Amino acid sequence: MKGAVLYNPYECYPVQLRKVQRMQQELSALGIEVQTLPNDGTFVYLRNGGVHCDLQADFVLYLDKERIVPRLLERCGLRVFNSAAATEICDDKLLTHAFLADSGIPMPDTIVGPLCYNPDAQVSDGYIRSVVRALGLPMVVKECHGSFGEQVYLCQTERQLADLLQRLKHKPYLLQRYEKDSFGRDMRVIVIGGKVLCGMLRTNKDDFRSNAAQGAVCSAVTVPKHIADMCVKAANLIGLDYCGVDVLLGEEPKLCEVNSNAAFEAMEACTGVNVAQAYARHIAKCMQQK
Ligand SMILES: Nc1ncnc2c1ncn2[C@@H]1O[C@H](COP(=O)(O)OP(=O)(O)O)[C@@H](O)[C@H]1O
Ligand SMILES: [Mg+2]
């Protein structure tokens, strides 16, 4: 069996590059012939009214978030882990919330940020007042596309919010109720093939964002059943083979986001679980059943 591991060509985080190597190792250990390739669009593209594909592989392990390449690969008959549809839903935080909106999964109150097509336009005071009335202050604002907590903001005042939205107005973003009980802490849960594999608590005493990249400390945790059920439900509804679900903690745990391309190094280090091996085994099992 042959597999191709695709990763983002602009990848600059060493942790993401090590992930590519780890997956290659674990797939190879199962007797799978693996090639790794930057996902630069040169091996699957539109040509002569069809899709041309140069990849010599039975499946693709997609360690990127771009949404169209996996669609083209699936058109060519390749099994892609995660599927194009699942990657697309997770890549956009707003789409994830909208997709799961009527699932019964608790999520923070969320407003869709309006898109701006006029460079001279100003965010109006009336708009700021309306969103503050709906969600209160402080308020969380997130760009729809982002990772490592870098595109997630907490606004304390109407002024800060107005300045931020003025800056973000040309990008897709969402506004969200700040879940204050979850300040600097959340639970990251890895789900593979519809089962919870492991989980960790992430705690950051200096920042509301509990990403490891923002300085959070990670510790292994046994995922309580109600949180495990929630994560599995989200993963199954979206159709994910592999994901890392972020859960905000409080009286009622709430789904924060679902990462289709979740890093697993910190998880492996603190839980001792071989996440890469579990994902590789899941892929091999799916391919054998095909
Ligand atoms: N609504 C919220 N209330 C409180 N904290 C939040 C909220 N949304 C996100 N956070 C915090 O910010 C972190 C990063 O947000 P997340 O949506 O997971 O973005 P990223 O993709 O950058 O990790 C979360 O892990 C959590 O600690
Ligand atoms: Mg996150």
Side-chain angles (χ1 to χ4, degrees), residues 1-11 13 15-92 95-96 99 145 147 190-195 197 232 234-245 257-264 274-290:
M1 198 192 312
K2 287 185 182 166
V5 181
L6 302 187
Y7 58 93
N8 188 277
Y10 297 109
E11 203 66 87
Y13 288 98
V15 62
Q16 292 294 73
L17 292 171
R18 286 197 295 272
K19 179 177 169 186
V20 176
Q21 289 164 3
R22 288 277 291 111
M23 288 311 303
Q24 182 181 22
Q25 275 168 3
E26 294 294 349
L27 287 165
S28 303
L30 298 175
I32 297 169
E33 202 180 302
V34 189
Q35 56 175 327
T36 62
L37 287 168
N39 181 31
D40 60 9
T42 56
F43 47 82
V44 62
Y45 54 91
L46 305 172
R47 188 166 84 181
N48 295 336
V51 182
H52 167 82
C53 182
D54 280 334
L55 274 189
Q56 300 297 316
D58 304 300
F59 71 86
V60 168
L61 170 56
Y62 196 65
L63 303 182
D64 195 4
K65 300 203 290 185
E66 194 284 320
R67 298 170 304 161
I68 309 301
V69 164
R71 291 223 173 261
L72 299 182
L73 293 168
E74 285 177 356
R75 287 266 185 90
C76 297
L78 283 158
R79 170 70 157 93
V80 184
F81 297 87
N82 289 301
S83 75
T87 295
E88 183 165 2
I89 292 166
C90 294
D91 173 51
D92 180 335
L95 189 54
T96 314
F99 183 83
H145 309 281
S147 308
I190 296 285
V191 180
I192 300 181
K195 292 196 184 88
L197 179 71
V232 166
N236 287 345
L237 283 171
I238 298 171
L240 287 151
D241 292 285
Y242 168 90
C243 64
V245 185
E257 68 152 348
V258 184
N259 299 279
S260 65
N261 187 24
F264 50 66
N274 189 333
V275 176
Q277 183 183 67
Y279 192 11
R281 286 181 176 168
H282 168 77
I283 291 170
K285 192 169 129 200
C286 291
M287 292 308 294
Q288 276 151 14
Q289 284 166 355
K290 224 179 138 197

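Fair warning: this is a prediction, and the values are worked out from it, not measured in the lab. Every heavy atom of this structure was used, including side-chain atoms; hydrogens, water molecules and symmetry mates were not.
Here the straight-line distance linking atom OG of S147 with atom CG of N259 works out to 7.0 Å at 0.5 Å rounding. Taken from CG in L237 to OG1 in T96, the straight-line distance is 12.0 Å, to the nearest 0.5 Å. Here L46 contributes atom CG and L72 contributes atom CG; the two are 5.5 Å apart, rounded to the nearest 0.5 Å. Atoms CD and CD, on E26 and Q277 in that order, are 5.0 Å from each other to the nearest 0.5 Å. Between K195 atom NZ and N236 atom CG the span is 10.5 Å, to the nearest 0.5 Å. Considering CZ of R281 and CG of L27, their distance stands at 12.0 Å, rounded to 0.5 Å.
If you run side-chain contact (heavy atoms from CB on, under 4.5 Å) between L6 and each of L61, V60, D64, only V60 comes through. The side chain to side chain donor-acceptor pair (under 3.5 Å) test with Y62 is passed by exactly one of T87, N82, N39: N39.
Put simply, the side chain of E33 does not reach to within 4.5 Å of the side chain of D58, judged on heavy atoms. Counting heavy atoms from C-beta outward, N8 and K65 have side chains that stay 4.5 Å or more apart. Side-chain contact between L240 and V191 is absent, with no heavy atoms from C-beta onward closer than 4.5 Å. Taking the side chain as every heavy atom from C-beta outward, L197 and F264 never approach each other to under 4.5 Å. Using a 4.5 Å heavy-atom cutoff, the side chains of Y242 and V275 are in contact. Put simply, the side chain of M287 reaches to within 4.5 Å of the side chain of F81, judged on heavy atoms.
The heavy-atom pair separating H282 from I192 by the smallest distance is CB-CG2, 3.6 Å. Here the closest heavy-atom approach between residue V232 and residue G194 is recorded as CG1-O, 3.4 Å. Heavy-atom minimum distance, D241 versus C286: OD1-SG, 4.3 Å. The heavy-atom pair separating M23 from L63 by the smallest distance is CG-CD1, 4.3 Å. C53 and L73 make their closest contact through SG-CD2, 4.4 Å (heavy atoms, listed as atom of the first residue, atom of the second, distance). In this structure, D40 and T42 approach most closely via the heavy-atom pair OD1-OG1, 2.7 Å.
At least one donor-acceptor pair closer than 3.5 Å links the side chain of K19 to the backbone N or O of A262. No donor-acceptor distance shorter than 3.5 angstrom exists from the side chain of S260 to the backbone of C243, with no hydrogens or angles considered. E66 contributes a side-chain N or O that, together with a main-chain N or O of I68, makes up a donor-acceptor pair within less than 3.5 Å.
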* To do: Kindly determine whether M1 and L30 satisfy side-chain contact (heavy atoms from CB on, under 4.5 Å), including the steps that lead there.
  => CA-CA 10 Å; M1 198 192 312; L30 298 175; over 6 Å; no
* Give the intermediate values and the outcome of side-chain contact (heavy atoms from CB on, under 4.5 Å) for residues L37 and L55. => CA-CA 10 Å; L37 287 168; L55 274 189; 3.2 Å; yes
* Asked: side-chain contact (heavy atoms from CB on, under 4.5 Å) between V5 and Q21: does it pass, once the steps are laid out?
  -> CA-CA 9 Å; V5 181; Q21 289 164 3; over 6 Å; no
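Residue Q35 places its CD atom among more than 12 non-hydrogen atoms of other residues, nucleotides or ligands, all under 6.0 Å distant. Enclosure of atom CZ in R79 by more than 12 non-hydrogen atoms of other residues, nucleotides or ligands within 6.0 angstrom is indicated. Within 6.0 Å of the CZ atom in R75, the count of heavy atoms belonging to other residues, nucleotides or ligands does not exceed 12.
Among residues two or more places apart in sequence or in another chain, the side chain to side chain contact (heavy atoms under 4.5 Å, CB included) test is passed with S83 by E74, A85, A86.
Evaluation of the ring-ring contact (aromatic ring centres under 6.0 Å, His included) test over residues 20-47, restricted to residues two or more places apart or in two chains, returns Y45-H52.
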